Amino acid sequence: MLVSEPASPKRENTISSPESSPKKSESGTSADSSGTLRHRLLGPSVQKSGQDGVNQAAVSEIIYQASQGSKYFEHQKRKEKDLTKKVEYIVNQAAKVSNQELEAAEVRVDALIRQYEATRDLTQTIVHVDCDAFYASVEELDHPELKSKPFAVGNGVLCTCNYVARKFGVRSAMAEFVARKICPELIVLRLNFPKYIEKSNAIRMILSEYDPRHCAMTLDEAYLNITEYCAKVTKDREEVVSEMRRRIFETTGLTVSAGIGPNSRVAKIASNVNKPNGQCAIANDREAVMEFMCNLPVRKITGVGYVLERQLLALDVNSCGEIYRKSALLYQIFTDTTMTFLLNCYLGLGSTEVKPIDQYERKSVGCERSFRAISEMAQMKQKLQHVAEDLEKDCKRLNLAGRKLGLKLKKATFEQISRQRPMPRPINTASDFYRYGLQMLEKELPITVRLIGLRITDLVNLSHEGPMKTFLKGQRRHNDRLEDEPSTSMNIHAEFKGLVDGSPDMHDDEEIGELVMMIQGSQEEDASGVIDDYRSSAKAIAARDIKNEEELVHNTEPALESESLPLSTDSGGSSTALVSCPICGNQVSADDQALNHHVDWCLSRGAIREAVKETFN
DNA sequence: GCGGATCAC
DNA sequence: TATGGTGATCCGC
C-alpha cells in the first residue's frame, strides 16, 4: 500500500539552468533592501485573512513613514540587510552545486521520501479549530455597537482587531501608534482576560464532547481527533464539525473556523482556508492531500516564517509543490532537519496523535519586561527586582525550580543579548533570581537597556506533595512509582519522544527528595560539596539526541506549556460538589485537587500570555 | 553547553 | 515620541 512513487510528475532536471533566477538583478546590499524592508515592516500577519480589499502598498508606505528614523526601524533595517546578505550567500552556494552532486542528492532525497511516505497514516480524522478574531469577537459580545466600527484589542501593540479594522490594513502585532496613522478612528480596547478565559472554557467544554482528549493549544485554538466520535454517531466528519461549530456559536455567540484532515499539519493549514466562520476538509486520501499542499505558498506552512520564506523564494521555491521540484538542490543547501521538515510538508505528512496539553512537559519558565531605555544601575536593579518577583510568583504557582538561570537584555538599539549560568542548586525565589541575575548583568556594564528578562531552565518539578511526602517517597523502591501518579507530567516527555519506558528523562524520586531538602534547607550559600554530589548523581540527559529520525522537527507536535484543563474533567468522579472559580466564575468541582488544577490553569501565564498572541486572524 | 536566531501565538 | 511576552527549537561554535 505504500506508494513509493512520488505523485508529483516533474522534478526539475538537475541540469537546469544555473542562471534561472531572474530577480537577482539588484545587488541587494542596501539599495534593494528598501523593498524587502517594507515587506518586513509589514509584519507577520500580512497573508492572513480579512485583508482582501486592502491597499497594501499604501499601508506599507504609511508604516514605513511612521517608523522611519526610530531605533526600531534602524534595527529592522540592519536585520534586513543581514538577511539579504545571507540569502545572497545561499544563492551563490546553490550556483556552485554541480550536476553530479545534484544527482547524488536526488537519490538520497528519493530514499528519504520513501521513508517518510511509509509513515503516512490516513486512518485518523484530525480537526483544527481556530476562533475568529477571538478577543475582538468576545469584546463585541459585550459592546455590540463596536461591530460596525474599526476596533482592536491591545495595549501599545495590538493583539487582534475586528474585520472592519482589517479593511483599513490594521493588523495584529502592529504598534498602536502606527495603527492609528492607518486608521485614525480606530478604537482600542484593553485586554480583559477573565472574559476570554471564560469564553474559551465554554468552547472547550463543547470540544470535549467530540474529543475528551483534545489539545487546547491556546485560548482560541485547539486540535481534536474526531475519528472515534464520527464512528460512534455514524456521521460524516464535515457534518460533525459543522454541527460542532454551530453549537459553539449558539452557546457562546462566537464563530470559529475549522480545518479537517488526516493529520494536524493539514488540518491546521486548512483551518485558514475558509476563515472566518468557515471550514475546509481535505479527504484522507494521499492524492487529495498532495494536491492541497502542492499550490500552497510556502509562507502558509506552519514553521516557515519570514526568513525561511525569503530563502526559499530566492531558490525559486514559491509553493509547497516546488519543494519537490527543487528538492535535490535544497538538500545541498539546508540542514537535514530543515530538509526533513520540508519534505514532510510537501508530502502533507504530520502528526496524527492528539493529546491533552497537560501531557507535555514544560522546559522553562521566564519573565521579561520592556520599558523606556535606561542605563543607570539603580534603575536597572529596580527592573531586575521586579522581574525576579514576577518570576518567583510563576515558579511558586507552578511548583518549579530551575538549575539554570538565564538573563536576557534588549539594548536601546533593540539588539538582544542573553547569558546563561548553571546555579549551585535549583532556585525558585526572587532573592536568588535577583542575586544571580545581577551578577550576570554586572558583567555587561556599561549598557543601556529597554528590556530585562529572567528565565530558568533545567527545571525541577516540586509538585504534587509537600516536601515531607516527597522525601518519604524518596525512600521507597523504584517500582512503587508506576502505579502511583497516573497523570502527572513527569515522564510524558520520554513517551513523546518514543522512548516510553526505561528512559531516564527525569530524576528519580530519590533525587527529588534530595532536591526539595536542598531548596528548602540550605537556602543560604553554596555548600559546594553537597551540590557537586547532587550534580554528579544527575542522570544522563537522554532525549535530545533522539530526534535523529522521524519528525519532531519544526514543531511537528505542539510543544506547549503547562496545565490546561477545562472544568470538571475531573476523573476522580467522586462527589461532585461545585464551587465557583474565583477567576472565571465558572462552576468547578470542589475537590481540592481539581479545583487547584483549574485555578492554576485560570491563572496560568500561559493563558494570560494570550494577551500578546493572535499574531493573526 | 552557550548564545544568537527563528518561529508560533 | 513611539514597536510585546512566553516558550520552544535549531544551528554554529
Side-chain angles (χ1 to χ4, degrees), chain A residues 41 43-45 48 63 66-76 79 82-83 86 130-131 134-135 154-160 171-181 191 217-221 268 299 301-311 334-338 340-341 360-373 387 390-391 394 404 406-410 414-422 450-459 541 544 547 552-562 604-617:
Chain A
L41 288 169
S45 51
K48 303 296 184 177
I63 296 176
S67 306
Q68 205 167 16
S70 68
K71 298 271 172 75
Y72 175 80
F73 180 90
E74 294 303 321
H75 182 248
Q76 294 301 319
K79 285 185 74 174
D82 289 350
L83 177 58
K86 187 177 172 188
D130 197 338
C131 300
F134 184 55
Y135 298 161
N155 187 7
V157 174
L158 306 183
C159 290
T160 191
R171 283 180 280 272
S172 61
M174 185 177 274
E176 193 176 322
F177 80 93
V178 173
R180 290 189 187 284
K181 289 218 157 98
L191 295 151
M217 307 290 296
T218 61
L219 287 185
D220 76 330
E221 218 177 292
K268 164 97 171 120
R299 189 62 169 84
I301 302 170
T302 313
V304 177
Y306 180 75
V307 170
L308 186 52
E309 180 197 29
R310 280 283 305 274
Q311 299 176 353
F334 292 113
T335 63
D336 289 355
T337 305
T338 301
T340 296
F341 166 70
Y360 294 86
E361 190 195 351
R362 172 192 283 269
K363 296 190 174 62
S364 73
V365 45
C367 180
E368 65 190 58
R369 180 158 316 213
S370 289
F371 36 79
R372 182 179 49 81
V387 169
D390 282 355
L391 183 54
D394 284 349
K404 266 184 196 156
L407 173 73
K408 171 172 160 182
L409 304 172
K410 192 187 285 182
F414 282 84
E415 180 195 351
Q416 291 189 35
I417 63 182
S418 60
R419 300 289 179 253
Q420 194 181 357
R421 238 189 72 180
R450 68 184 324 283
L451 174 148
I452 292 180
L454 290 171
R455 175 167 300 271
I456 54 169
T457 54
D458 281 20
L459 299 183
I541 318 125
R544 269 306 275 204
K547 55 178 169 270
L552 285 179
V553 179
H554 280 73
N555 295 348
T556 292
E557 285 282 346
L560 261 288
E561 62 247 48
S562 66
S604 134
R605 191 60 144 248
I608 300 233
R609 174 186 97 224
E610 298 314 314
V612 214
K613 71 141 290 182
E614 266 239 353
T615 312
F616 56 71
N617 278 354

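Bear in mind the structure is a predicted one, so any value in this text is a computation, not a measurement. Order of the sequence lines sets the chain letters (A, B, ...), proteins ahead of strands, with each chain counted from 1.
- Dashed line: the shortest gap from a side-chain N or O of Thr337(A) to OP1 or OP2 of dC11(C) is under 4.0 Å.
- Side-chain N/O atoms of Ser364(A) include one lying less than 4.0 angstrom from OP1 or OP2 on dA8(C).
- Dashed line: the shortest gap from a side-chain N or O of Ser370(A) to OP1 or OP2 of dG5(C) is under 4.0 Å.
- Counting non-hydrogen atoms under 4.0 angstrom, Arg372(A) reaches nothing in the nucleic acid.
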Requested in this report: Report the C-alpha distance between Cys367(A) and Leu454(A) in whole Å, list the side-chain angles of each, state the deciding distance to 0.1 Å, and finish with yes or no for side-chain contact (heavy atoms from CB on, under 4.5 Å).
Outcome: CA-CA 5 Å; Cys367(A) 180; Leu454(A) 290 171; 5.7 Å; no
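- For the pair Gln68(A) CD and dA2(C) C1', the interatomic distance rounds to 15 Å; values are reported in whole Å.
- With dG4(B), dC9(B), dT6(C) as the choices, the nucleotide that has an atom nearest any side-chain atom of Asp220(A) turns out to be dC9(B).
- Using a 4.0 Å heavy-atom criterion, one finds that Phe73(A) contacts no nucleic acid atom at all.
- Of the candidates dG3(B), dT6(C), dC7(B), dG3(B) carries the atom nearest the Gln420(A) side chain, counting heavy atoms from C-beta on.
- One interatomic measurement links the two molecules: CZ of Phe334(A) to P of dC10(C), which rounds to 16 Å at whole-angstrom precision.
- An OP1 or OP2 oxygen of dG7(C) is reached within less than 4.0 angstrom by a side-chain nitrogen or oxygen of Arg455(A).
- Among the nucleotides dT3(C), dG4(B), dC9(B), the one closest to any side-chain atom of Ile417(A) is dG4(B).
- Checking dC7(B), dC2(B), dA8(B) against the side-chain heavy atoms of Arg299(A) singles out dA8(B) as nearest.
- Whole-Å rounding puts the Ile301(A) CD1 to dC9(B) P distance at 14 Å.
- Annotation: salt bridge (Lys or Arg N to Asp or Glu O under 4.0 Å) contacts of Arg455(A) (sequence neighbours excluded): none.
- If you check dG4(B), dT3(C), dT6(C) against the side chain of Phe414(A), the one that comes closest is dT3(C).
- In this structure, Arg450(A) places its CZ atom 9 Å from P of dG5(C), rounding to the nearest Å.
- Remark: Arg421(A) pairs with no residue by the salt bridge (Lys or Arg N to Asp or Glu O under 4.0 Å) rule, at least two apart or across chains.
- Judged purely by distance below 3.5 Å, without hydrogens or angles, the side chains of Ser67(A) and Ser70(A) never pair a donor atom with an acceptor atom.
- In this structure, of dG5(C), dT3(C), dC11(C), it is dG5(C) that holds the atom nearest to the side chain of Glu368(A).
- Atom NZ of Lys404(A) and atom P of dG7(C) are 17 Å apart (whole Å).
- Mapped onto DNA chain C by nearest heavy atom, Thr335(A) and Ile63(A) fall at different nucleotides, with Ile63(A) at the one closer to the 5' end.
- Comparing atom distances between the Ser67(A) side chain and each of dT3(C), dC7(B), dA8(C) picks out dT3(C) as nearest.
- Look at Lys268(A) and you'll find a side-chain N or O under 4.0 angstrom from OP1 or OP2 of dC9(B).
- Here dC10(C) presents its P atom at 15 Å from NZ of Lys86(A), a figure rounded to the nearest Å.
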Query raised in the report: What do the steps show when you test Phe134(A) against Thr218(A) for side-chain contact (heavy atoms from CB on, under 4.5 Å), and what is the final call?
Result: CA-CA 11 Å; Phe134(A) 184 55; Thr218(A) 61; over 6 Å; no
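- In terms of phosphate contacts, Arg180(A) brings no side-chain nitrogen or oxygen within less than 4.0 Å of OP1 or OP2 of dA2(C).
- Put simply, the side chain of Ser70(A) and the base of dT1(C) share no donor and acceptor less than 3.5 Å apart.
- Here the straight-line distance linking atom CD of Gln311(A) with atom NZ of Lys86(A) works out to 4.5 Å at 0.5 Å rounding.
- Considering only side-chain atoms of Phe177(A), the nucleotide from dC9(B), dT3(C), dT6(B) that sits closest is dT3(C).
- Between Arg419(A) and dC2(B) there is no side-chain N or O to OP1 or OP2 distance below 4.0 Å.
- Between dG5(C) and Lys408(A), no contact under 4.0 Å exists linking OP1 or OP2 to a side-chain N or O.
- Contacts of Gly156(A) with the nucleic acid, taken as non-hydrogen atoms under 4.0 Å apart, are absent.
- Closest-nucleotide positions on DNA chain B for Gln416(A) and Val307(A) were compared, and the one nearer the 5' end corresponds to Gln416(A).
- Applying the 4.0 Å criterion to OP1 and OP2 of dT9(C), one finds that Lys363(A) has a side-chain N or O inside that range.
- In this structure, the CE atom of Met217(A) is 14 Å from the P atom of dG7(C), given to the nearest Å.
- In this structure, of dT3(C), dG1(B), dG5(C), it is dT3(C) that holds the atom nearest to the side chain of Ala175(A).
- The CG-P distance, from Leu459(A) to dA8(C), rounds to 8 Å in whole Å.
- Once rounded to the nearest 0.5 Å, the distance linking NZ of Lys363(A) with OG1 of Thr457(A) reads 12.0 Å.
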